[in-house]
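Presented below is the structure to which this report refers.
Side-chain atoms are counted along with the backbone in the values below, which use heavy atoms only and exclude waters and symmetry mates.
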Amino acid sequence: MNKLSQLRQAVNEAQLDVAYLSDPMTIKYLTGFGSDPIERVLALLVFADHDPFLFAPALEVEAIKDTGWPYDVYGYLDHEQPYAMIAEQIKKRVAAPSRFGIEQGFLTVARLRALQEQFPKANFDYDMTPTIQHMRLIKSPDEIAILEENGKWADFAFKVGFDAVKIGATENQIAAEIHYALQKHGVMHMSFDTLIQAGAHAAEPHGATNDTKIQDNELVLFDLGTNVDGYTSDASRTVAVGTLNDKQKDIYQVCLEAQLAAQEAAKPGMTAAELDKIARDIIDQAGYGEYFIHRLGHGMGMTDHEFPSIMEGNDMLLEPGMCFSIEPGIYIPGFAGVRIEDCIHITKDGNEPFTHTTKELQYVGR
């Protein structure tokens with residue numbers, strides 16, 4: 001059963017008249033057509049008993065047809081009223097729809113109200129997001145193969161980045177070296193803004209790469225990923241410049257122990273919460289628990305942050321084909337930050353990582 005057939009079955013089982021899907025990533029997953037419509041309207045309409053249709057800006061219609069999309073596609077011009085046009089096509093298939101499914105985590109209030117104005121008696125309470133999340137949760141062998149290719153490029157990016165580390169170089173300069181090297185090989189997109197964080201700057205887990213200069217005797221955190229063929233990679237390493245003191249070495253070794261223990265343990269049948277606890281207990285027992293301030297991991301695939309969360313309280317069982325990160329971190333404000341991360345896929349009896357750059361502490365920049 002293909003993806004659209006699965007979704008149509010879900011629409012039927014939920015007793016919906018129509019599902020209105022507007023997250024471009026959902027549309028790409030289900031149709032193969034990828035686009036950022038910016039402020040314009042892009043939507044996929046799926047019915048229980050009728051063929052789906054795509055609605056898009058007129059300037060996207062030919063690109064949609066070029067993908068081999070076998071069903072109807074309708075375009076609109078900027079001066080036209082998209083929701084009136086969408087409603088017209090829906091009513092040709094379902095005269096008076098009463099139950100809609102929507103992606104509640106994506107559809108804006110303004111656009112929901114525009115739909116409601118077209119169907120004032122309809123109910124829009126059904127959330128399609130969990131259905132889409134579960135469809136994307138288990139990756140096919142083809143998807144895993146693309147993720148593995150992205151992992152190879154992430155490993156390449158680490159090598160370039162480590163070679164670019166020099167005392168006095170800025171974080172931005174190192175990131176630029178990575179991006180240039182990848183683009184020369186045809187890898188044009190990162191899955192997120194590359195993070196290079198030196199010294200105390202790395203104690204900000206989501207601090208942006210900036211003009212901080214690499215200094216002697218400090219740790220430098222790398223977090224990066226590529227986007228090739230519509231899928232991503234995501235990995236982190238922390239390296240050393242010069243000579244580290246005992247505390248710097250300690251937080252690195254504790255973080256490494258936590259990451260390795262969790263990655264070795266990940267297998268079908270355990271829960272996400274159990275996996276998180278393995279890494280968290282190691283960091284807690286070493287006295288750094290207050291500095292591990294995020295979940296152990298997140299799903300990944302077409303985007304670098306997907307369902308599910310590998311965290312306390314999540315009793316979801318791990319299954320073969322699930323792909324997610326294992327990324328414990330220790331962040332001590334004003335001192336240093338360490339994060340070590342691989343994304344993995346669960347196999348029938350364990351797991352395999354997508355990235356293979358060594359996690360033993362590397363000394364660079366000399």
Quiz item: In terms of hydrophobic clusters joined by side-chain contacts under 4.5 Å, are V18 and F119 together?
Solution: yes

Exercise for review: Let me see the working for L260 and K359 under side-chain contact (heavy atoms from CB on, under 4.5 Å), right down to the final yes or no.
Suggested key: CA-CA 9 Å; L260 291 174; K359 288 177 277 196; 3.9 Å; yes

Query raised in the report: Are the aromatic ring centres of H294 and Y331 under 6.0 angstrom apart?
Result: yes

Derivation and outcome, side-chain contact (heavy atoms from CB on, under 4.5 Å), residues V364 and V241
CA-CA 5 Å; V364 301; V241 179; 4.2 Å; yes

Side-chain donor/acceptor of Q253 to backbone N/O of D250, under 3.5 Å | no

Quick check, are the ring centers of F307 and H298 under 6.0 angstrom apart? no

### Message
Between Y83 and E117 (side chain of the first, backbone of the second, donor and acceptor by atom type, cut-off under 3.5 Å), is there such a pair?
### Response
no

In this structure, CD1 of I178 is separated from CG of L182 (nearest 0.5 Å) by 7.5 Å

Taken in chain and number order and not counting sequence neighbours, the residues that satisfy salt bridge (Lys or Arg N to Asp or Glu O under 4.0 Å) with D78 are R40

| Between the main-chain N or O of D125 and the side-chain N or O of Q104, is there a donor-acceptor pair closer than 3.5 Å? | yes

Short side-chain donor-acceptor distance under 3.5 Å, S140 and D142: no

Value for CD (E218) from CG (L244), rounded to nearest 0.5 Å, stands at 9.5 Å

Think K247 forms a cation-pi with F335, using NZ or CZ under 6.0 Å from the six-ring centre and within 45 degrees of its axis?
yes

Only residue of E352, E327, R237 satisfying side chain to side chain contact (heavy atoms under 4.5 Å, CB included) with D342 is R237

Please test M25 against T303 for side-chain contact (heavy atoms from CB on, under 4.5 Å), starting from the C-alpha separation and ending with a verdict.
CA-CA 8 Å; M25 198 57 64; T303 60; 3.6 Å; yes

Pairing of R339 and D223 as salt bridge, 4.0 angstrom limit: yes

Nearest heavy-atom contact between S309 and R295 is OG-NH1, 2.6 Å

Determine yes or no for a side-chain-to-main-chain donor-acceptor pair under 3.5 angstrom, with S233 supplying the side chain and N150 the backbone. yes

TODO: Using a strict cut-off of less than 4.0 Å between a Lys/Arg side-chain nitrogen and an Asp/Glu carboxylate oxygen, indicate whether R280 and E312 qualify as a salt bridge.
DONE: no

All heavy atoms of P52 vs all of W69, minimum pair found to be CG-CH2, 4.0 Å

For L224 and A157, the nearest pair of non-hydrogen atoms, with its separation, is CD1-CB, 3.8 Å

F53 and Y74 aromatic centres sub-6.0 Å
yes

Do Y363 and Y252 land in one hydrophobic cluster if side-chain heavy atoms of ILVMFWY residues count as linked below 4.5 Å? yes

Problem - Side-chain (N217) to main-chain (T243) donor-acceptor, under 3.5 angstrom - result: yes

- Any side-chain donor-acceptor pair under 3.5 Å between T226 and H189? no

Legend entry - Any donor-acceptor pair under 3.5 Å from D276 side chain to L296 backbone: yes

Exercise. Could you tell me whether the side chain of N351 and the main chain of I344 form a donor-acceptor pair under 3.5 Å?
Key: no

* Does V165 share a hydrophobic cluster with Y180, counting links as ILVMFWY side-chain heavy atoms below 4.5 Å and allowing steps through other members? -> no

* Evaluate the criterion side-chain contact (heavy atoms from CB on, under 4.5 Å) for residue pair H345 and F354; output intermediate values, then yes/no. => CA-CA 8 Å; H345 65 96; F354 294 115; 3.5 Å; yes

Which of K213, Q197, H201 passes side-chain hydrogen bond (donor to acceptor under 3.5 Å, both in side chains) with E171? It is H201

With L54 as partner, the option from D72, L44, L30, L21 fulfilling side chain to side chain contact (heavy atoms under 4.5 Å, CB included) is L44

According to a 4.5 Å side-chain heavy-atom criterion applied to Ile, Leu, Val, Met, Phe, Trp and Tyr, with indirect links allowed, do F106 and F55 form part of one hydrophobic cluster?
-> no

Tightest non-hydrogen contact, residues P320 and I138, listed as O-CG2, 3.5 Å

Next on the checklist: Regarding Q259 and Q263, do their side chains bring together a donor and an acceptor under 3.5 Å, going by distance alone?
Outcome noted: yes

Side-chain donor/acceptor of T232 to backbone N/O of M302, under 3.5 Å: no

Compare all side-chain heavy atoms of Y291 with those of C255 and state whether any distance is below 4.5 angstrom. no

Among side-chain atoms of T357 and D155, is any donor-acceptor pair under 3.5 angstrom? yes

Taking the six-membered ring for Trp, are F158 and F222 parallel (under 30°), tilted (30 to 60°) or perpendicular (over 60°)?
perpendicular

The single option from D23, L16, L107 that satisfies side chain to side chain contact (heavy atoms under 4.5 Å, CB included) with M128 is L16

**Prompt:** Can you tell me if E60 and S35 form a side-chain donor-acceptor pair at under 3.5 Å?
**Reply:** yes

- prompt: Going by an N to O cut-off under 4.0 Å, is there a salt bridge joining E274 and K277?
  reply: no

